[in-house]
Visitor: 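Handing you a structure now.
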Amino acid sequence: MKKLPILILCCAALPLWGQQLHMADVFKQMPDSLMPYLSTNNRLDMIDFMDAHMKAEVTNLLDGKSEMTALADDSLTIRMSAALQVDLRFVERDSIVVAFRQTYTVSESQKAIVTRYYSTSWLPLPIPAETSSTLTRRDDKVFSGSQF
């Protein structure tokens, strides 16, 4: 008789043990302000297209084409336009966080990358944004010239 309550608790907790965080679920909850190119319906359509093994391309809010090129349980990649790619990845810190990386491309050799970190419920984390750039400012080129 003492084993019955333990068995009931184990059976009730069994579905919780198998739950895992999926990028598609986190992406569905993303605030529109973080990705103003895409509406909520655009994001949901992209996920549905990827699940159906179709090309996940939608018309964004700027009347351009945006395409989800990869979707896995822990990451996704979206080509927002010819100049912007967005990558989301789960990263292990003190807990699981979302690394939100935006890659701005001017040319093959000129890129700027900005990475910000959010909780899985899209709260900004106090982790400093990481930036890297191969873009050179025109002023730097002018002032580094031989005439100065």
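Computation of the quantities below employed the complete heavy-atom set of this structure, encompassing side-chain atoms and omitting hydrogens, waters and symmetry-equivalent molecules. The chain is numbered in sequence order, starting from 1.
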Visitor: Please evaluate residues Tyr118 and Leu34 with respect to the criterion side chain to side chain contact (heavy atoms under 4.5 Å, CB included), reporting the C-alpha separation (whole Å), side-chain torsions for both, the decisive distance (0.1 Å), and the verdict.
Guide: CA-CA 11 Å; Tyr118 295 88; Leu34 292 178; 3.3 Å; yes
Visitor: Are Phe90 and Thr120 side-chain neighbours, meaning at least one heavy-atom pair lies under 4.5 Å?
Guide: yes
Visitor: State yes or no: do Val114 and Tyr117 share one hydrophobic cluster built from I, L, V, M, F, W and Y residues joined by side-chain heavy-atom distances below 4.5 Å, directly or via other members?
Guide: no
Visitor: What do you reckon, is CD of Glu92 surrounded by more than 12 foreign heavy atoms closer than 6.0 Å?
Guide: yes
Visitor: Does some side-chain heavy atom of Met68 sit less than 4.5 Å from a side-chain heavy atom of Arg79?
Guide: no
Visitor: Answer whether the closest heavy-atom distance between the side chains of Arg101 and Ile113 falls below 4.5 Å.
Guide: yes
Visitor: Going only through I, L, V, M, F, W and Y residues with side-chain contacts under 4.5 Å, is there a path from Ile96 to Leu125?
Guide: no
Visitor: Less than 4.5 Å apart, any side-chain heavy atom of Lys65 and any of Asn60?
Guide: no
Visitor: Side chains of residues 43-53: which donor-acceptor partners sit under 3.5 Å, not counting sequence neighbours?
Guide:
| residue | atom | partner | partner atom | Å |
| --- | --- | --- | --- | --- |
| Arg43 | NE | Phe27 | O | 3.4 |
| Arg43 | NH1 | Asp32 | OD1 | 3.0 |
| Arg43 | NH2 | Met30 | O | 2.6 |
| Arg43 | NH2 | Asp32 | OD1 | 3.4 |

Visitor: With sequence neighbours excluded, what pairs up with Arg89 under the side-chain hydrogen bond (donor to acceptor under 3.5 Å, both in side chains) test?
Guide: none
Visitor: Please check: side-chain N/O of Ser119 versus main-chain N/O of Leu123, any donor-acceptor pairing under 3.5 Å?
Guide: yes
Visitor: Sub-3.5 Å donor-acceptor pair from the side chain of Ser81 to the main-chain atoms of Ala83, do we have one?
Guide: yes
Visitor: Is there side-chain contact between Leu38 and Met80, with heavy atoms separated by less than 4.5 Å?
Guide: yes
Visitor: Verify, without hydrogens or angle tests, whether Thr77 (side chain) and Thr69 (backbone) share a donor-acceptor contact under 3.5 angstrom.
Guide: no
Visitor: Roughly how far, to the nearest 0.5 Å, is CG of Asp73 from CG of Leu21?
Guide: 9.5 Å
Visitor: Rounded to the nearest 0.5 Å, what's the gap from NZ on Lys28 to CE on Met23? Could you check?
Guide: 13.0 Å
Visitor: Which pair of non-hydrogen atoms, one from Trp122 and one from Gln29, has the smallest distance, and what is that distance?
Guide: CD1-O, 3.5 Å
Visitor: Indicate yes or no for a side-chain donor-acceptor contact from Thr134 to the backbone of Lys111 under 3.5 Å, with no hydrogens or angles considered.
Guide: yes
Visitor: Could you tell me the separation between the CD atom of Gln20 and the CG atom of Asp25, rounded to the nearest 0.5 Å?
Guide: 10.5 Å
Visitor: Identify the two heavy atoms, one from Pro36 and one from Leu61, that lie closest to each other, and give their separation to 0.1 Å.
Guide: O-CD1, 3.4 Å
Visitor: Do Ser133 and Tyr104 have side chains that get closer than 4.5 Å, going by heavy atoms?
Guide: no
Visitor: Yes or no on side chain to side chain contact (heavy atoms under 4.5 Å, CB included) for Ile78 and Glu67, after CA distance, side-chain angles and deciding distance?
Guide: CA-CA 6 Å; Ile78 299 174; Glu67 180 183 1; over 6 Å; no
Visitor: Please check if Leu88 and Ile127 belong to a single hydrophobic cluster, counting links between Ile, Leu, Val, Met, Phe, Trp and Tyr side chain heavy atoms closer than 4.5 Å.
Guide: no
Visitor: Show the nearest heavy-atom pair for residues Ala99 and Val91, with the distance to one decimal.
Guide: CB-CG2, 3.5 Å
